[in-house]
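Take a look at the structure below.
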Amino acid sequence: MWTYVPFLAPLFFLSLVHADDPYRFFTWNITFGDIYPLGVPQQGILINGQFPGPDIYCNTNDNLIINVHNSLTEPFLISWNGLQQRRNSWEDGVEGTTCPIPPGQNFTYILQVKDQIGSFFYFPSLNFHKAAGGFGGIRILSRPLIPVPFSDPSGDFTVLIGDWYKTNHTALKTKLDNGKKLPFPDGILINGHASNGASFTVDQGKTYRFRVSNVGLQNSLNIRFQGHKMKLVEVEGTHTLQNTYSSLDVHVGQSYSFLVTMDQAPVDYYIVVSTRFTSNVLTTTAVLHYSNSGTRVSGPPPGGPTVQIDWSLNQARSIRTNLTASGPRPNPQGSYHYGMINTSRTIRLANSASLINGKQRYAVNSVSFIPSDTPLKLADYYKISGVFRLGSISDNPTGQKEYLDTSVMPADYRTFIEIIFENKESIIQSWHLDGHSFWVVGMDGGQWSPDSRKEYNLRDAVSRCTTQVYPKSWTAIYIALDNVGMWNVRTEFWSRRYLGQQFYLRVYTPVNSIRDEYPIPKNALLCGRAAGRHTRPL
Ligand SMILES: *[C@@H]1O[C@H](CO)[C@@H](O)[C@H](O)[C@H]1NC(C)=O
Ligand SMILES: *[C@@H]1O[C@H](CO)[C@@H](O)[C@H](O)[C@H]1NC(C)=O
Ligand SMILES: *[C@@H]1O[C@H](CO)[C@@H](O)[C@H](O)[C@H]1NC(C)=O
Ligand SMILES: *[C@@H]1O[C@H](CO)[C@@H](O)[C@H](O)[C@H]1NC(C)=O
Ligand SMILES: *[C@@H]1O[C@H](CO)[C@@H](O)[C@H](O)[C@H]1NC(C)=O
């Protein structure tokens with residue numbers, strides 16, 4: 001629900017956003033409501049009465065003014081998976097940057113999708129709200145004169161896939177708070193529906209774009225179209241080499257878009273989503289309905305890969321950037337030679353699971369993150385001491401016993417760094433960094449060593465914001481830290497994030513300039529030890 005106002009905006013916002021770029025206004029009412037995705041009623045989080053929430057459609061550089069009314073009985077925040085929010089971590093909507101919207105109040109997010117294209121999603125970041133809904137798709141289209149490396153599809157579908165529990169979000173949270181792990185999920189949803197509840201109507205002979213995001217809580221999922229090929233075109237803002245796949249792994253928190261040509265006989269087909277790397281495989285189907293079909297889907301849906309890791313790793317390596325295609329700007333994506341830049345720092349991040357004080361926790365380099373009473377970004381801005389310590393997490397695994405802390409890692413603005421995710425555990429991981437995208441230069445089994453750099457892809461790796469790390473494996477990324485702010489580095493495995501597998505990266509410059517970072521928004525909510533401060537220096 002948005003209005004398009006080309007060159008006009010309320011004065012209030014003018015100081016914060018680019019006045020010459022178009023504005024899109026959204027008004028969202030967040031409510032609890034009964035939903036029955038797996039047949040049993042449970043408390044869901046609705047946006048304007050919808051589960052999943054409405055899609056955000058926009059173009060590169062648009063300003064998004066999103067007025068969120070929290071009609072829940074508890075605090076609420078929305079965050080934006082993959083939106084970079086340049087110079088503006090104030091709007092990131094995670095508890096380390098932004099005060100929760102109190103029940104009964106509203107808060108207006110002021111975002112700009114500067115220099116971005118692609119498929120992403122938003123989600124509720126507090127408590128265990130993500131298990132109740134409140135998520136939706138985001139698509140950023142190229143500006144009209146920027147070439148897109150494929151013809152305009154005849155339709156463009158958002159496909160939100162994710163594992164799901166019949167247990168409500170409060171009960172799941174209580175389990176975690178009591179130090180327990182969550183059980184295996186009860187099912188998979190496709191756009192909020194169990195099997196054959198979601199249906200996509202297409203015309204024979206035409207080509208459609210499908211934007212798939214895994215909005216679930218933990219499981220890697222495989223998606224496939226019965227009898228059809230999927231031509232990959234975009235991964236989290238990068239136009240890829242247009243390889244065709246018969247099925248595609250989408251790890252939790254990731255987004256992919258691909259084209260499917262409806263070149264088969266006019267009957268209905270299954271779209272199948274199933275869990276990966278699990279002994280018990282959950283499967284859910286949706287219907288691909290040819291508009292001239294007289295035959296409904298029947299019989300068993302096609303099976304997919306289940307436990308094979310090598311298959312998935314090889315597929316991941318085959319996903320590469322089309323260097324000659326344009327991204328958000330007219331120049332080719334390959335004109336930024338990331339492989340020729342020397343990194344100035346290597347950070348190695350090892351995840352682990354352990355009991356702390358008898359309760360289940362998860363950690364990064366031995367630190368299990370606990371939130372503070374004040375958003376870290378606000379504590380930093382108002383120079384409130386005692387909220388966090390820089391360097392409270394090490395650059396390398398320490399081998400120490402896991403402990404609780406509010407971990408913040410310092411980093412210098414405009415440095416080009418290497419991060420190695422080291423997964424010694426026997427389950428897959430999925431890591432996300434807010435405010436940036438990064439090149440996934442390598443991944444392999446075993447222990448990373450400096451020698452592993454010889455196998456890096458320094459030419460056409462994809463730039464994205466969420467990467468998987470296979471069991472007992474490593475993944476290496478390169479990042480240009482070109483966005484000042486306080487940015488969440490997190491696992492997308494939601495119970496692990498809730499129980500500490502995350503921290504904040506403080507990308508800092510001593511220069512106090514609006515060119516590097518926007519001032520605190522006038523409407524910023526203030527809470528904790530920042531309560532009662534002024535949003536602008538007097
Ligand atoms: C939000 O929805 C609830 C339930 O329908 C309604 O009572 C409330 O007035 C709405 N609030 C706003 C701001 O639209
Ligand atoms: C709350 O919503 C009203 C309009 O419904 C708007 O005028 C006001 O600016 C919003 N408040 C904040 C803090 O965003
Ligand atoms: C890469 O993009 C170019 C430019 O749009 C296009 O002509 C070409 O077909 C693409 N190549 C592949 C392999 O996807
Ligand atoms: C959530 O589930 C718990 C346990 O089944 C139940 O006691 C509680 O009433 C539920 N909450 C809501 C709001 O449905
Ligand atoms: C990168 O480092 C190498 C070896 O230290 C050096 O020869 C090269 O000039 C550096 N390149 C750049 C672009 O700084």
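The structure displayed is predicted, hence computed values, not measured ones. In each ligand, atom 1 is the first atom listed, and ligand 1 is the first ligand listed.
Residue Thr240 has no nitrogen or oxygen atom sitting less than 3.5 Å from a nitrogen or oxygen atom of ligand 3, judged on distance alone. Between Gln43 and ligand 4, no N or O atom pair is found at a separation short of 3.5 Å.
Per-residue contacts place Gln242 under 4.0 angstrom from the following atoms of ligand 3 (heavy atoms of the residue considered): 12 (C), 14 (O). Close contacts between ligand 3 and Leu241 involve ligand atoms 13 (C), 14 (O) [criterion: under 4.0 Å to a heavy atom].
A salt bridge between Asp482 and Arg86 is present, with a side-chain N of the basic residue lying under 4.0 Å from a carboxylate O of the acidic one. A salt bridge links Asp444 with Arg317: the closest approach of a Lys/Arg side-chain nitrogen to an acidic carboxylate oxygen falls below 4.0 angstrom.
Taking atom 1 (C) of ligand 3 as the reference point, the nearest protein heavy-atom neighbour is Asn322 ND2, 1.4 Å. Shortest contact from atom 4 (C) of ligand 1 to any protein heavy atom: Thr31 CG2, 4.1 Å. The nearest heavy-atom contact from the protein to atom 5 (O) of ligand 3 is Pro149 CB, 3.3 Å.
Ring geometry for His228 versus Tyr269: interplanar angle over 60°, hence perpendicular rather than tilted (30 to 60°). Classified by interplanar angle (parallel below 30°, tilted 30° to 60°, perpendicular above 60°), the ring pair Phe25/Tyr23 is parallel.
The cationic group of Lys231 does not satisfy the cation-pi geometry with Phe258, failing either the under 6.0 Å distance to the six-membered ring centre or the 45° limit from the ring axis.
Of the candidates Ile30, Asn29, Leu46, Asn29 brings a heavy atom nearest to atom 3 (C) of ligand 1.
Minimum interatomic distance between Leu182 and Leu172 (heavy atoms only, all atoms of both residues): CD2-O, 3.8 Å.
Under the 3.5 Å distance criterion, with hydrogens and angles disregarded, a donor-acceptor pair is assigned to the side chains of Arg496 and Gln501.
Distance check on atom 11 (N) of ligand 3: some protein heavy atom falls below the 4.0 Å cut-off. Distances from atom 7 (O) of ligand 1 to the protein include no heavy-atom value under 4.0 Å. In this structure, atom 14 (O) of ligand 3 is in close contact with the protein, since a protein heavy atom lies within 4.0 Å of it.
Asp62 pairs with exactly one of Arg139, Arg24, Arg143, Lys114 by the salt bridge (Lys or Arg N to Asp or Glu O under 4.0 Å) rule, that one being Arg24.
Proximity of Asn168 to ligand 4, defined as any heavy-atom pair under 4.0 Å, is confined to the side chain (atoms from C-beta onward).
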